[in-house]
Amino acid sequence: LVNALGIDSGANVTLGGGFRISDNLDLSIFRAVLDKQYFISSKYRIFEGFSLLAGFASKTTPGITVDKDSFSLQLIYSSNILNDAVHFTLVPTYANPVNSDPTFAFGTSIGYMLFPGLDLTAEWIPVLSGYALKYSTYSVGVKKDINGVHGMTFFLTNSIYSFPDRYIIGSPDNNYHIGFNITIII
């Protein structure tokens, strides 16, 4: 599994899965091609609109010895307004991608429902303190719900990272990257 059954060649792919332990608790594990990084997280719904996500990431590429492991903590607030036509999310995030200089960022997103099941979304994650790259992370995209359960998101972003400890620090350049997410709930 050194090269994840061939997935490690070419595109920057992240694969993973999550499991609902209870109505309020989810556990997830993901693996990204970049740095062969694994991310294990737990998300707890505190009450309606508020969740707490704690995650641990580890880079497994041979030769990485500094800042190999990191921890992230996110308080997630989300709400819908205007008859669910507009949704927004606020995500203060702490992470230690560079262990000697932890990062605190404040993620924000807004979405607008064009049609039932089709949303336009935008995200921006400015770093408030700690380690940061030159440009704040941002993305814009289109999200399509399928049968109210599954979903697909296509987006344009300046980040190449998949996990909170990496994407909150920003991007070293403002190059655009095309990405997509597929969510299947079984």
Side-chain angles (χ1 to χ4, degrees), residues 1 4 7-8 11-61 64-79 87-109 121 123-133 136-139 141 143 151 153 155 157-172 177 179-186:
L1 290 177
I7 293 172
D8 279 359
N12 182 9
V13 176
T14 299
L15 293 175
F19 307 94
R20 176 151 287 167
I21 305 302
S22 71
D23 287 343
N24 294 336
L25 182 63
D26 296 335
L27 296 175
S28 299
I29 184 167
F30 294 90
R31 183 189 184 278
V33 168
L34 199 60
D35 292 332
K36 295 180 177 22
Q37 186 176 21
Y38 287 86
F39 181 68
I40 299 170
S41 68
S42 178
K43 183 176 176 183
Y44 181 75
R45 190 180 120 210
I46 302 167
F47 51 85
E48 189 65 36
F50 282 93
S51 297
L52 185 65
L53 185 139
F56 173 79
S58 183
K59 302 172 196 149
T60 62
T61 296
I64 293 180
T65 57
V66 177
D67 301 321
K68 179 178 176 170
D69 301 323
S70 62
F71 173 78
S72 57
L73 187 64
Q74 297 180 299
L75 179 63
I76 304 164
Y77 172 73
S78 60
S79 183
H87 59 270
F88 65 93
T89 306
L90 304 173
V91 188
T93 302
Y94 167 87
N96 65 332
V98 176
N99 293 319
S100 62
D101 193 7
T103 300
F104 182 69
F106 197 87
T108 57
S109 75
T121 63
E123 296 179 341
W124 178 51
I125 308 172
V127 172
L128 301 180
S129 67
Y131 180 77
L133 297 175
S136 293
T137 298
Y138 61 84
S139 66
K143 181 180 179 184
T153 307
F155 54 92
T157 181
N158 69 334
S159 179
I160 59 172
Y161 301 115
S162 302
F163 306 132
D165 69 312
R166 304 289 295 276
Y167 66 68
I168 70 161
I169 62 174
S171 176
H177 307 278
F180 67 93
N181 296 327
I182 299 173
T183 304
I184 300 172
I185 298 176
I186 300 173

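Residue Ser41 comes nearest to Leu53 through the heavy atom pair CB-CD2, 4.2 Å, listed as atom of the first residue, atom of the second, then distance. Pairing each heavy atom of Gly170 with each of Leu133, the nearest pair is O-CD1, 3.6 Å. When all heavy atoms are compared, the tightest approach of Asn158 to Ser136 is ND2-O, 3.0 Å. When all heavy atoms are compared, the tightest approach of Ile168 to Ala95 is CD1-CB, 3.7 Å. A pairwise comparison of heavy atoms in Phe30 and Phe163 identifies CB-CE2, 3.5 Å as the closest pair.
With sequence neighbours left out, the side chain to side chain donor-acceptor pair (under 3.5 Å) criterion links Ser162 to Thr14. Listed by chain and number, the residues in a side chain to side chain donor-acceptor pair (under 3.5 Å) with Thr183 amount to none (sequence neighbours excluded). Every side chain to side chain donor-acceptor pair (under 3.5 Å) that Thr93 has, sequence neighbours left out, goes to Gln74. When the side-chain contact (heavy atoms from CB on, under 4.5 Å) test is applied to Ile160, the partners found at least two apart in sequence or on another chain are Asn12, Leu34, His177. Residues that satisfy the salt bridge (charged side-chain N to carboxylate O under 4.0 Å, His left out) test with Asp101, not counting sequence neighbours, are absent from this structure. Remark: Asp35 pairs with Arg166 by the side chain to side chain donor-acceptor pair (under 3.5 Å) rule, at least two apart or across chains.
The side-chain heavy atoms of Ser72 and Phe39, taken from C-beta on, include a pair separated by under 4.5 Å. At a threshold of 4.5 Å between non-hydrogen side-chain atoms, the residues Leu27 and Ser42 count as touching. Taking the side chain as every heavy atom from C-beta outward, Thr137 and Ser139 never approach each other to under 4.5 Å. Side-chain contact between Val91 and Ile125 is absent, with no heavy atoms from C-beta onward closer than 4.5 Å. Contact annotation: the side chain of Thr121 never approaches that of Phe155 to less than 4.5 Å [non-hydrogen atoms, C-beta and beyond]. Using a 4.5 Å heavy-atom cutoff, the side chains of Asp26 and Arg45 are not in contact.
Interatomic distance, Phe19 CZ to Leu25 CG, rounded to the nearest 0.5 Å: 13.0 Å. Put simply, CZ on Phe106 and OG on Ser129 are 13.0 Å apart, with the number rounded to the nearest 0.5 Å. Separating the CD atom in Gln37 from the NZ atom in Lys68 is a distance of 11.5 Å, to the nearest 0.5 Å. Summarising the geometry, atom CD1 belonging to Ile182 is positioned 9.5 Å from atom OG1 belonging to Thr153; distances are rounded to the nearest 0.5 Å. Note that the CG atom of Leu52 and the CG atom of Leu73 stand 5.0 Å from one another [nearest 0.5 Å].
The distance between the ring centers of Phe56 and Phe71 does not fall below 6.0 angstrom.
Under the 3.5 Å distance criterion, with hydrogens and angles disregarded, a donor-acceptor pair is assigned to the side chains of Ser58 and Asp69.
Summarising the local packing, NZ of Lys59 is surrounded by more than 12 heavy atoms from other residues, nucleotides or ligands at distances under 6.0 Å.
Although no hydrogens or angles enter the test, the distance criterion places a donor-acceptor pair under 3.5 Å between the side chain of Thr103 and the main chain of Tyr131. Side chain of Thr60 to main chain of Lys36: a donor-acceptor pair is present (N/O by atom type, distance under 3.5 Å, no hydrogens or angles).
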